[in-house]
Amino acid sequence: MSDLPPSPRTGTGAPPLLRLSHIARTYNLGTPAEVRVLADVSLELRPGEAVGLIAPSGAGKSTLLHIAGLLDTPDAGRVEIDGRDLSRAADRARTLARRDRIGFVYQFHHLLPEFSALENVMIPQLAAGAGRAAARQRALALLAMVEVDHRARHRPAELSGGEQQRVAIARALANRPRILLADEPTGNLDPDTAEHVFTMLMSLVHAEGVAALVATHNHVLAARMDRRLELRQGRLLPLS
Ligand code: ADP
């Protein structure tokens with residue numbers, strides 16, 4: 001278990017689960033080829049809220065999600081998870097926060113090919129110390145919520161693209177993270193499948209009360225999120 005403090009799961013007065021303050025990130029800092037990707041990014045995510053992150057390719061969405069997910073360190077600014085600044089915390093504290101507090105979904109599913117859908121959703125729970133029976137029960141419940149429980153015994157290669165991505169969403173939520181970070185989660189899918197997977201993602205976000213930051217190019221899907229932010233020239237601007 002992590003040593004992070006608890007905070008309320010839901011409620012209008014709930015403190016932000018994720019707070020980014022004045023984040024800056026430049027690649028190859030100090031070289032002639034330096035690329036300033038994030039200039040001054042601030043953001044708060046609250047429980048049960050799904051926020052769309054809209055930007056063209058190359059604008060810095062992945063960089064921002066990596067910093068929010070404690071996979072990368074900003075050059076300046078703070079990353080607070082549940083009120084605790086982890087931007088420059090020791091590796092172990094960051095790893096535990098990532099394991100216990102944050103779920104990731106990528107454009108590609110990254111499921112383990114030699115394991116079934118059920119095992120793919122159980123494995124992160126077992127790694128975090130859950131017992132087999134509890135992990136299995138949680139995995140089956142999540143697979144049912146994304147309507148792939150009838151495929152629980154199948155390996156990823158035996159699933160359709162939409163089913164693979166729904167399993168990946170179930171896996172991301174397996175350890176009951178407070179924050180879900182998704183990088184173009186429907187970007188590889190045809191429009192109808194994308195719509196279906198997105199609907200599942202939104203219903204799980206609201207059912208589980210997580211705070212979700214979802215990067216997408218798709219303005220139709222973005223319109224269904226609670227708020228939208230546009231990443232432009234290294235800054236976040238609200239989109240109506
Ligand atoms: P997006 O996810 O919006 O497509 P990225 O965050 O992947 O954007 O990249 C933003 C910019 O930063 C791009 O110009 C990319 O080439 C550059 N970039 C990303 N990662 C690195 C890196 N490790 N080193 C140098 N430049 C990078």
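All ligand and atom numbering here is 1-based and tracks the order in the structure.
Closer than 4.0 Å to atom 27 (C) of ligand 1 lies at least one heavy atom of the protein. Using a 4.0 Å threshold on non-hydrogen atoms, atom 2 (O) of ligand 1 counts as touching the protein.
Applying the 4.0 Å criterion to heavy atoms of Ala59 picks out, from ligand 1, the atoms 3 (O), 8 (O). In summary, the atoms of ligand 1 found under 4.0 Å from a heavy atom of Ser57, numbered by their order in the structure, are 4 (O). Each of the atoms 10 (C), 11 (C), 12 (O) of ligand 1 lies under 4.0 Å from some heavy atom of Val37.
Proximity of Ala55 to ligand 1 is not established, as no heavy-atom distance is less than 4.0 Å. At a 4.0 Å cut-off, at least one heavy atom of Pro56 sits close enough to ligand 1 to count as contact.
Between Asp72 and Arg25 there is a salt bridge, with a side-chain nitrogen of the basic residue lying less than 4.0 Å from a carboxylate oxygen of the acidic one.
Protein heavy atom in closest approach to atom 19 (C) of ligand 1: Tyr27 CE1, 3.3 Å. Annotation: atom 7 (O) of ligand 1 to nearest protein heavy atom, Ser62 CB, 3.7 Å. Nearest protein heavy-atom neighbour of atom 6 (O) of ligand 1: Thr63 OG1, 2.6 Å. Closest to atom 4 (O) of ligand 1, if we only count protein heavy atoms, is Gly58 N, 2.7 Å. Taking atom 8 (O) of ligand 1 as the reference point, the nearest protein heavy-atom neighbour is Gly60 N, 3.1 Å.
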For residues 32-39, which side-chain donor-acceptor pairs fall under 3.5 Å, sequence neighbours excluded?
residue : atom : partner : partner atom : Å
Glu34   : OE1  : Gly30   : N            : 2.8

Under 3.5 Å donor-acceptor pairs involving side-chain atoms of residues 102-115, not counting sequence neighbours:
residue : atom : partner : partner atom : Å
Gln107  : NE2  : Asn188  : OD1          : 3.4
His109  : ND1  : Leu111  : N            : 2.8

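Scanning both residues, Gln125 and Asn175, for their nearest heavy atoms gives CA-OD1, 3.1 Å. Taking both residues in full, the closest heavy atoms of Glu80 and Gly83 are given as OE1-O, 3.9 Å, listed atom of the first, atom of the second, then distance. Annotation for Ala211 and Leu17: closest pair CB-CD1, 3.7 Å, computed over non-hydrogen atoms.
Residues Ser42 and Arg235 bring no donor and acceptor atom of their side chains to less than 3.5 Å of each other. Looking only at atom types and distance, the side chain of Asp85 has a donor-acceptor partner in the side chain of Ser87 under 3.5 Å away.
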